[in-house]
Amino acid sequence: KMSIPKRIVFVDVETTGLHPYIHEVVQFAGIIYDPSSCRILEEAEFKVEVRNLSAADPVSLQMNGYSQVVWDKEAISKGYALHLIRSFIGNNPWGGHNVWYDKECILWEMNRWNVPYDRTKWPNHRNVDTCSLAYTLELRGLVPDRKLLTLAEYFGTRLPDHTALNDLRATIEVFESLNDVYTQGTLSLTSFQDTPFKRPEEEIETNSEIKRLRCLQMIENLKSPHFQ
C-alpha cells in the first residue's frame with residue numbers, strides 16, 4: 001500500500017541562467033505544506049551568494065531582480081545556503097512547478113561546491129509536479145501551454161512574478177486548483193468533457209466543511225500515479 005506523505009516541501013529557485021551545470025542559484029524559497037489539512041506550515045526565503053557572475057545571463061538576472069548591491073548586503077554564503085536548503089527540505093517529497101529543474105539546480109550546486117550529502121537517502125525520489133499534473137489541460141486545448149503564469153490565469157489564482165516565494169505560493173494555489181479538478185472528476189486522461197472546469201473560489205475558501213472534504217480528497221488523490 002502506498003504511503004501518503006505527511007509533508008510536501010514545495011521548492012522554487014531563481015538562477016543566473018537556464019543551465020544548471022553552468023548557472024547558480026541566486027534565491028531559494030521553500031514552503032512546508034501539510035496535504036492532510038491543506039495548510040502551509042512553514043516558509044523560508046533567502047538570497048544566495050553568486051560566485052561566478054561573469055557566467056550569468058543578463059536577461060535572467062533582470063527577470064530575477066538581481067542587484068549586486070542588494071546581494072552583497074543580503075545574500076548568505078553559498079555553503080551555508082546549501083546546508084540550509086538541505087536541512088529545510090529534509091527527507092520529504094519535493095513539490096513545485098517543473099520541480100525536476102529546481103531539484104537539478106540544487107544538486108548541481110551541492111556537487112559543484114562539494115557540500116556533502118548521502119546520495120542513497122537524499123533527495124527524496126517522490127515529486128508533486130504541477131506542470132505534469134496540468135498535462136491534460138493542454139491536451140484538451142484548455143490552455144496553450146503549461147507555464148505557471150498560464151495556469152494561474154486559467155484558474156484565477158495568484159500570479160507569479162519571478163520572485164521565489166511568491167512564485168511558490170502561486171504554485172501551491174495552482175496545485176490546489178488541480179486537486180479540485182481531479183476531485184470533481186471534470187478532468188482525466190481518459191474522460192474528456194466539454195464543460196470547462198470553474199473553481200468555486202469563494203465557496204471553497206469560506207465553507208469549512210467543503211475545505212475539510214477537499215483535504216480528505218487530496219489525500220486520496222496523492223495515491224494516484226499522477227502525483228508520483
Side-chain angles (χ1 to χ4, degrees), residues 7-33 39-90 92 94-117 122-123 127-131 145-153 156-175:
R7 301 288 187 271
I8 299 170
V9 180
F10 283 83
V11 172
D12 185 62
V13 297
E14 303 299 333
T15 60
T16 59
L18 298 178
H19 305 295
Y21 52 90
I22 297 174
H23 297 122
E24 299 177 67
V25 171
V26 297
Q27 191 177 32
F28 168 85
I31 293 178
I32 300 176
Y33 182 83
R39 290 190 305 117
I40 291 174
L41 302 179
E42 186 177 349
E43 294 181 340
E45 182 183 37
F46 47 82
K47 298 177 178 65
V48 182
E49 170 196 13
V50 178
R51 292 186 177 176
N52 188 14
L53 194 58
S54 62
D57 174 19
V59 175
S60 294
L61 293 179
Q62 183 178 12
M63 291 180 65
N64 297 335
Y66 176 85
S67 163
Q68 188 166 356
V69 173
V70 173
W71 256 252
D72 286 345
K73 183 185 298 184
E74 300 181 4
I76 61 179
S77 68
K78 181 76 70 176
Y80 183 50
L82 294 172
H83 280 292
L84 285 180
I85 291 170
R86 167 68 181 87
S87 177
F88 186 85
I89 297 172
N92 298 293
W94 294 46
H97 191 76
N98 195 17
V99 68
W100 290 277
Y101 175 77
D102 299 280
K103 181 178 283 191
E104 187 175 7
C105 289
I106 291 171
L107 291 179
W108 268 99
E109 287 278 73
M110 301 279 282
N111 295 325
R112 182 182 296 123
W113 305 110
N114 298 314
V115 176
Y117 63 95
W122 193 87
N127 302 292
V128 176
D129 183 58
T130 50
C131 185
D145 54 60
R146 288 174 284 157
K147 295 178 181 178
L148 183 57
L149 176 61
T150 302
L151 297 176
E153 289 176 339
T157 54
R158 179 194 301 264
L159 298 179
D161 62 1
H162 290 288
T163 58
L165 189 56
N166 181 74
D167 286 5
L168 209 48
R169 291 168 179 162
T171 297
I172 288 178
E173 291 188 17
V174 166
F175 168 67

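Index from 1, following the sequence. Just so it is clear, the model here is predicted, and its values are computed rather than measured. Values reported hereafter were calculated over all heavy atoms of this structure, with side chains retained and with hydrogens, waters and symmetry mates removed.
- Residue W94 is tested with D129, V128, N127 for a side chain to side chain contact (heavy atoms under 4.5 Å, CB included); the sole match is N127.
- Put simply, the residue from L41, V9, I172 that forms a side chain to side chain contact (heavy atoms under 4.5 Å, CB included) with I31 is I172.
- Closest approach of P20 and Y101 over heavy atoms only: CG-CE1, 3.8 Å.
- One N or O on the side chain of T130 and one on the backbone of G96 form a donor-acceptor pair closer than 3.5 Å.
- A distance-only check finds a donor-acceptor pair linking the side chain of H23 to the backbone of A55 [under 3.5 Å].
- Note that CZ of R51 is 13.5 Å distant from OG1 of T16, once rounded to the nearest 0.5 Å.
- With a 4.5 Å cut-off on side-chain heavy atoms, L149 and L159 count as touching.
- Looking at every heavy atom in both residues, D102 comes nearest to H97 through OD2-O, 3.8 Å.
- A heavy-atom distance below 4.5 Å is found between the side chains of I76 and L84.
- K47 is listed as a side-chain neighbour of V70, based on a closest heavy-atom distance under 4.5 Å.
- By the 4.0 Å N-to-carboxylate-O rule, R112 lies too far from E24 to be salt-bridged with it.
- Between C131 and N98, the shortest heavy-atom contact is CB-N, 3.7 Å.
- Side-chain contact between V11 and I106: present, with at least one pair of heavy atoms (C-beta onward) separated by less than 4.5 Å.
- A side-chain donor-acceptor contact under 3.5 Å links N64 to the backbone of T15.
- For Y117, the OH atom sits in a packed shell: over 12 heavy atoms of surrounding residues, nucleotides or ligands are nearer than 6.0 Å.
- Nearest heavy atom pair, residue S60 against residue G17, reads OG-CA, 3.5 Å.
- Distance check, rounded to the nearest 0.5 Å: CG of L107 to CH2 of W122 gives 5.5 Å.
- M63 has its side chain within reach of V59: a pair of non-hydrogen atoms, C-beta onward, lies under 4.5 Å apart.
- I8 CD1 to N92 CG: the interatomic distance, rounded to the nearest 0.5 Å, is 9.0 Å.
- Judged by distance alone, with hydrogens and angles left aside, the side-chain atoms of E109 form a donor-acceptor pair with the main-chain N or O of V25 at under 3.5 Å.
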* Verdict with reasoning, F46 to I85, per side-chain contact (heavy atoms from CB on, under 4.5 Å) -> CA-CA 10 Å; F46 47 82; I85 291 170; 3.8 Å; yes
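- Remark: Q62 CD is loosely packed, at most 12 non-hydrogen atoms of other residues, nucleotides or ligands lying under 6.0 Å away.
- Judged by distance alone, the side chain of E173 and the main-chain N or O of R158 form a donor-acceptor pair under 3.5 Å.
- Sorted by first and then second residue, the salt bridge (Lys or Arg N to Asp or Glu O under 4.0 Å) pairs with a member in residues 11-21 form an empty list; sequence neighbours excluded.
- Side-chain atoms of W71 do not come within 3.5 Å of backbone N or O of E49 as any donor-acceptor pair.
- Remark: R7 CZ to Y33 OH distance equals 12.0 Å, nearest 0.5 Å.
- Counting non-hydrogen atoms of neighbouring residues, nucleotides and ligands closer than 6.0 angstrom, the NZ atom of K147 reaches no more than 12 such neighbours.
- Taking the side chain as every heavy atom from C-beta outward, F10 and D167 never approach each other to under 4.5 Å.
- With no hydrogens or angles considered, no side-chain donor-acceptor pair links W100 and E104 at under 3.5 Å.
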